[in-house]
Amino acid sequence: MKQHIFFLSALFLFCFSVKAETMKSIQEFGVLPQNTPQTNAENLQKAIDWASQSGAALWVEPTAEGYPVASGIVLKESVSLIGVHGPTGRGTKHPEKNAPTGSLFLISDEKAPFITVESATQIRGIQFWYPQQAYQDKDKIIPYPPTIQMSQDRTAQGVTLSCLTFYGEYIAMDFNGRPDNICEQILFEHCYGYPLSGEFIRIDYCYDIPRILHCHVNPSNMRMFGRAFSKEVVDAVIAQPTYTFSINHTDNAQLIDLFTFGAHGGIYLGEHTYGQLTNFNLDCVTVGIYKNGGGTFNRNWQIAQGSIIANVKGCDTEIHPIIITGEGHTAISNVEAFSGTNGALTAEGYSDDFLLITGDKPLTVSLYGCRMRNYRAENPLTIRNPQARVQAVACVDKEEQFFNTLINP
């Protein structure tokens with residue numbers, strides 16, 4: 001028994017010493033709740049500079065008030081920022097006032113993206129709050145730069161963004177690269193927020209398997225501390241021609257378990273992408289999924305197991321659960337679309353159809369086991385591309401009748 005206790009004590013001391021060598025609290029570097037944002041930014045950057053020498057992690061020690069930090073932080077290669085939280089989908093709650101608490105950064109300036117990430121970095125278990133952001137008056141919305149952005153000077157490869165919550169952001173995570181500055185192997189998982197631009201994650205020029213997993217976008221994400229967004233603010237977000245999740249120039253993307261509410265567009269699959277989209281709920285949108293295709297070789301998507309509630313006009317005059325254009329193949333299976341009203345926003349309560357196909361180039365679409373209802377057209381499929389080839393099998397239309405069709409066989 002004594003030997004067992006000695007072993008456990010030795011193991012604890014070993015783990016503690018390893019933690020001390022590989023992870024330090026940001027408070028040890030002078031990042032403190034009572035400091036000015038500029039002082040905390042300077043000290044946090046010094047902490048990151050220290051951690052970059054050995055690939056260490058920095059502990060965002062939870063506090064009641066959080067840390068005010070000026071924007072422009074650079075998370076250098078191999079550094080991790082670690083907090084205590086899983087995604088806090090309705091917010092954390094300060095014990096004495098309406099504010100979040102914990103491993104929390106408070107952002108107030110509009111000068112630059114809050115944090116720029118380089119390769120082999122990680123941000124996990126942290127909340128980002130913009131306390132000056134409007135949540136009742138749409139005319140006072142502040143168009144902040146992205147909260148997290150890939151480096152504009154160096155490639156960002158192997159970045160992990162996990163268990164993050166955003167409060168009052170305008171654009172949450174910006175990974176739009178360039179042909180001369182790409183990103184690769186970016187992992188977004190268990191991230192929650194409601195961006196007032198409508199853009200939560202955007203990716204461009206990512207040539208090796210980005211993954212967007214288990215992300216939830218909803219205007220009630222500050223409910224616990226009394227800042228749920230008003231109907232007019234949600235309507236203002238819907239009025240912007242943006243998509244919650246947007247990708248382009250991206251190989252073999254994996255999108256799994258995604259939710260959005262109150263946006264013009266749910267998911268944009270750009271013309272130079274291919275991959276799989278499964279298990280999704282796109283609620284109160286004008287367009288659920290917009291799939292483009294820039295070729296016939298591999299500009300193809302497999303879309304399955306999802307629900308779309310397309311019922312708001314936003315910035316468009318037509319409401320479509322799915323739009324397909326360009327070239328390539330789209331396989332859609334077990335996707336349901338319906339419509340209705342919702343008191344959190346201005347809803348039309350219908351969609352124009354289930355699927356709109358546009359363009360003038362040959363493309364193919366297959367549908368299996370899809371349920372379609374609450375659309376105004378006689379036919380759930382609107383075909384405005386004379387070269388489109390479409391087959392639907394074992395689907396169900398708005399009259400609860402089985403729908404099977406073959407167009408341009």
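Each residue takes its place number in the sequence, starting with 1. Hydrogens, waters and symmetry mates are skipped; everything else that's a heavy atom, side chains included, is used.
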Other residues, nucleotides, ligands: >12 heavy atoms within 6.0 Å of [X] [atom1]:
{"X": "E378", "atom1": "CD", "answer": "no"}
{"X": "Y368", "atom1": "OH", "answer": "no"}
{"X": "R389", "atom1": "CZ", "answer": "no"}
{"X": "F402", "atom1": "CZ", "answer": "no"}
{"X": "K361", "atom1": "NZ", "answer": "no"}

Which distance, rounded to the nearest 0.5 Å, do you find between the [atom1] of [X] and the [atom2] of [Y]?
{"X": "S52", "Y": "L58", "atom1": "OG", "atom2": "CG", "answer": "9.5 Å"}
{"X": "I141", "Y": "Q133", "atom1": "CD1", "atom2": "CD", "answer": "6.5 Å"}
{"X": "E199", "Y": "E169", "atom1": "CD", "atom2": "CD", "answer": "11.5 Å"}
{"X": "T147", "Y": "L164", "atom1": "OG1", "atom2": "CG", "answer": "10.0 Å"}
{"X": "L44", "Y": "I26", "atom1": "CG", "atom2": "CD1", "answer": "6.0 Å"}
{"X": "R299", "Y": "H329", "atom1": "CZ", "atom2": "NE2", "answer": "16.0 Å"}

Heavy-atom check, side chain of V69 versus side chain of P37, under 4.5 Å: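 Answer no - side chains too far apart.
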Are H94 and E65 close enough, and set up right, to give a side-chain hydrogen bond (donor to acceptor under 3.5 Å, both in side chains), and what steps lead you there? CA-CA 8 Å; H94 190 284; E65 306 298 329; 2.9 Å; yes
Are Y268 and Y290 an aromatic pair by the rule of ring centers under 6.0 Å?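 Yes.
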So, do Y243 and H264 have ring centers that fall under 6.0 Å from each other?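 Yes, close enough.
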T165/W129 under side-chain hydrogen bond (donor to acceptor under 3.5 Å, both in side chains): CA gap, chis, key distance, verdict: CA-CA 9 Å; T165 307; W129 186 33; over 6 Å; no
Looking just at side-chain N and O atoms, do [X] and [Y] make a donor-acceptor pair shorter than 3.5 Å?
{"X": "S71", "Y": "D109", "value": "yes"}
{"X": "Q185", "Y": "D208", "value": "yes"}
{"X": "S307", "Y": "N281", "value": "no"}

Test salt bridge (charged side-chain N to carboxylate O under 4.0 Å, His left out) on D49 and K76; report intermediate values, then the result. CA-CA 7 Å; D49 293 345; K76 294 184 177 180; 2.8 Å; yes
Stepwise salt bridge (charged side-chain N to carboxylate O under 4.0 Å, His left out) check, R371 with E399: CA-CA 11 Å; R371 182 175 181 266; E399 305 298 334; over 6 Å; no
side-chain hydrogen bond (donor to acceptor under 3.5 Å, both in side chains) between Q127 and T92, worked out: CA-CA 9 Å; Q127 303 169 86; T92 54; 2.9 Å; yes
Check the angle between the aromatic planes of W50 and F29 and answer parallel, tilted or perpendicular using the 30° and 60° thresholds.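 The rings of W50 and F29 sit tilted, inter-plane angle from 30° to 60°.
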For the residue pair F105 and Y67, does the interplanar ring angle fall in the parallel (under 30°), tilted (30 to 60°) or perpendicular (over 60°) class?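 Because their plane-to-plane angle lies in the 30° to 60° range, the rings of F105 and Y67 count as tilted.
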Determine, stepwise, if the pair R376 / E348 fulfils salt bridge (charged side-chain N to carboxylate O under 4.0 Å, His left out). CA-CA 11 Å; R376 297 197 300 177; E348 301 297 327; over 6 Å; no
Among F166, Y170, Y167, Y130, find the residue that satisfies the ring pair (Phe, Tyr, Trp, His ring centres under 6.0 Å) test when tested with Y144.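 Filter result, single survivor: Y130.
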With H216, which of F259, Y194, F280 fulfils ring pair (Phe, Tyr, Trp, His ring centres under 6.0 Å)?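 The passing option is F259.
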Apply salt bridge (charged side-chain N to carboxylate O under 4.0 Å, His left out) to residues R373 and E336 and explain how you reach the verdict. CA-CA 8 Å; R373 61 172 300 164; E336 175 176 86; over 6 Å; no
Apply side-chain hydrogen bond (donor to acceptor under 3.5 Å, both in side chains) to residues E61 and S25 and explain how you reach the verdict. CA-CA 6 Å; E61 187 171 335; S25 169; 2.7 Å; yes
Please confirm whether the backbone N or O of D353 pairs with a side-chain atom of S351, one donor and one acceptor, at under 3.5 Å?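 Checking the backbone N and O of D353 against the side chain of S351, a donor-acceptor pair under 3.5 Å is found.
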Would you mind checking if E318 and R384 are paired as a salt bridge, meaning a charged N to carboxylate O distance below 4.0 Å?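 Yes, R384 and E318 are salt-bridged.
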Applying the side-chain hydrogen bond (donor to acceptor under 3.5 Å, both in side chains) criterion to R202, which one of D174, T242, N248, T244 satisfies it?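 Only match with R202 under side-chain hydrogen bond (donor to acceptor under 3.5 Å, both in side chains): D174.
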